[in-house]
Amino acid sequence: MNITLKILTPLWTGGVDQTCDRLHETGLIGSLRWWYEALVRGLGGYACDPTGEDRCPDKDSNRCVACELFGCTGWARKFRLAMRTTPHIENKAIAAGQSLEIAVIPLRNIEAEEWCLLNATFRLISEYGAIGGKTIFKPSDEPKRQNKFHHLDFGLVTVEFSKESQCQNLDSETIKRYVTDRKWRSGNHKDYSWASLQHFWCVNGRYLARQDDKTSTFNQVLGRKQPKGQGQSLEDQSEPSRWLAGSQQESKKVSSFKSPDKGRTFGFVKPGTVDFDEIKSRLRQVWSDFNPDREFMTGEEVLRKIFT
Ligand SMILES: [Zn+2]
């Protein structure tokens, strides 16, 4: 599978040696895996948290459907990504405005369902999400790992597929049957159950802005109190990593990107706390002409669009 990644906003590489292709591959795969897991969970399957205690394999060497493709201890990843283009780096980031050719190279047999899920993951990132994932939503709680894995931070990209895509457009029922097959390890998602398309929402074409130093529409949607003292300066807007990844020690489940034609805002509701209706009413407060019926999409609807 050959894809073209069009970089719409700079992708931050964490300031390490950015000329290394392996680094970009590692970052991309980390992000791809994160969204793949969210997709699997959204389809009713189980995907372990590969950084958590209960990661695969279990004591009987069983693995979940995500580890089947992306690998875990004792089971190698089934593919690699080859960068066909050397990215142009500017200010320690993969600069916006360029197209990167990437090849997905199978190393072992990849099932038709896996090709479809991989294809769907790229489309999800391209049309509704962003490159990033774990680093978007949990930026500050694993500093050690960030040094270790050098994730690409995040940014908006669009993905174009070459004509001879490996995905045979399997219908959603076939894909659901595959991810929920009893041969895969299953389990309880516990505290990362929110990272599922079932809890995802998005609004394309709108972003959350800072209005002045002290108020931000972003904070309003997060339900966070506005800072009393001085806020971050407006210049920070040009530095999305600082704005979204933030210095505040909390995980944020809302992301918003400003881009001339592809701006978007998306997030995850956390079961038992904030639901879709609450998010809609918060969004209505920050965008006066917002029409939730027309503009607000849930993960369910995204799934229907992706598996037509
Ligand atoms: Zn697993």
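For the pair Tyr128 (side chain) and Cys202 (backbone), a donor-acceptor distance under 3.5 Å is absent. Without hydrogens or angle criteria, Arg55 side chain to Gly52 main chain gives a donor-acceptor distance under 3.5 Å. Under a 3.5 Å cut-off, the side chain of Arg41 and the backbone N or O of Ala47 do form a donor-acceptor pair. Thr265 contributes no side-chain N or O that, together with a main-chain N or O of Val203, makes up a donor-acceptor pair within less than 3.5 Å. Between the side chain of Arg33 and the backbone N or O of Gly71 there is at least one donor-acceptor pair closer than 3.5 Å. The closest donor-acceptor contact from the side chain of Thr85 to the backbone of Glu101 lies under 3.5 Å. Of the possible polar contacts, one joining the Asp181 side chain to the Lys183 backbone as a donor-acceptor pair under 3.5 Å is found. Panel note: side chain Glu278, backbone Asp275; no donor-acceptor pair is recorded below 3.5 Å. The backbone N or O of Phe70 sits nowhere less than 3.5 Å from a side-chain atom of Trp75 that would complete a donor-acceptor pair. Between the side chain of Thr180 and the backbone N or O of Lys176 there is at least one donor-acceptor pair closer than 3.5 Å.
Between Trp201 and Phe296, the ring center distance clears the sub-6.0 Å criterion. Between Trp184 and Tyr178, the gap from one ring centroid to the other is short of 6.0 Å.
Using a 4.5 Å heavy-atom threshold, the side chains of Val274 and Lys253 count as separate. In this structure, Phe122 and Leu32 have side chains that are in contact, with non-hydrogen atoms separated by less than 4.5 Å. Taking 4.5 Å as the limit, some side-chain heavy atom of Leu208 sits within range of a side-chain heavy atom of Trp287. Arg177 places none of its side-chain heavy atoms less than 4.5 Å from the side chain of Leu170. Taking 4.5 Å as the limit, some side-chain heavy atom of Cys67 sits within range of a side-chain heavy atom of Cys48. Using a 4.5 Å heavy-atom threshold, the side chains of Arg185 and Pro57 count as separate.
Heavy-atom minimum distance, Thr158 versus Ser126: CA-OG, 3.4 Å. Looking at every heavy atom in both residues, Gly44 comes nearest to Gln198 through N-NE2, 4.1 Å. Considering all non-hydrogen atoms of both residues, Arg84 and Ile105 come closest at NH2-CD1, 4.0 Å. When all heavy atoms are compared, the tightest approach of Cys72 to Arg63 is SG-CB, 4.1 Å. The shortest heavy-atom contact between Ser172 and Phe307 is CB-CB, 3.8 Å. In terms of heavy-atom proximity, Glu25 sits nearest to Leu81 at OE2-N, 3.0 Å.
Both Ile131 and Ile89 belong to a common hydrophobic cluster when Ile, Leu, Val, Met, Phe, Trp and Tyr are linked at side-chain heavy-atom distances under 4.5 angstrom.
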Criterion side-chain contact (heavy atoms from CB on, under 4.5 Å) on Glu111 and Glu68, from CA distance to verdict: CA-CA 10 Å; Glu111 303 295 333; Glu68 171 70 12; 5.9 Å; no

Should Ser196 and His189 be marked as a side-chain contact (heavy atoms from CB on, under 4.5 Å) after you check the CA-CA gap, both sets of side-chain angles, and the distance that decides it? CA-CA 10 Å; Ser196 158; His189 288 119; over 6 Å; no

Check against side-chain contact (heavy atoms from CB on, under 4.5 Å), Arg123 and Asn119: CA-CA 6 Å; Arg123 288 177 55 200; Asn119 187 297; 3.4 Å; yes

Using the salt bridge (charged side-chain N to carboxylate O under 4.0 Å, His left out) rule, take Glu301 and Lys305 through it: C-alpha gap first, then chi angles, then the decisive distance, then the call. CA-CA 6 Å; Glu301 290 162 310; Lys305 291 251 185 195; over 6 Å; no

Begin from the C-alpha positions of Trp115 and Val104 and carry the test side-chain contact (heavy atoms from CB on, under 4.5 Å) through to its verdict. CA-CA 10 Å; Trp115 279 119; Val104 181; 3.9 Å; yes

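The distance from the CG atom of Leu117 to the CD atom of Glu113 is 8.0 Å, given to the nearest 0.5 Å. Residue Ile3 holds its CD1 atom at 7.5 Å from CG of Leu28, rounded to the nearest 0.5 Å. How far NE2 of His199 is from CH2 of Trp194: 10.5 Å, rounded to the nearest 0.5 Å. Once rounded to the nearest 0.5 Å, the distance linking OH of Tyr192 with CG of Asp54 reads 4.0 Å. How far CG of Asn2 is from CZ of Phe161: 11.0 Å, rounded to the nearest 0.5 Å. Atoms OG1 and CG, from Thr121 and Leu39 in turn, are 5.0 Å apart once rounded to the nearest 0.5 Å.
With salt bridges taken as basic N to acidic carboxylate O contacts below 4.0 Å, none links Glu127 and Arg264.
Around NZ of Lys6, the count of heavy atoms belonging to other residues, nucleotides or ligands within 6.0 Å does not exceed 12.
Below 30°, between 30° and 60°, or above 60°: for Trp35 and Phe200 the angle between ring planes is above 60°, a perpendicular geometry.
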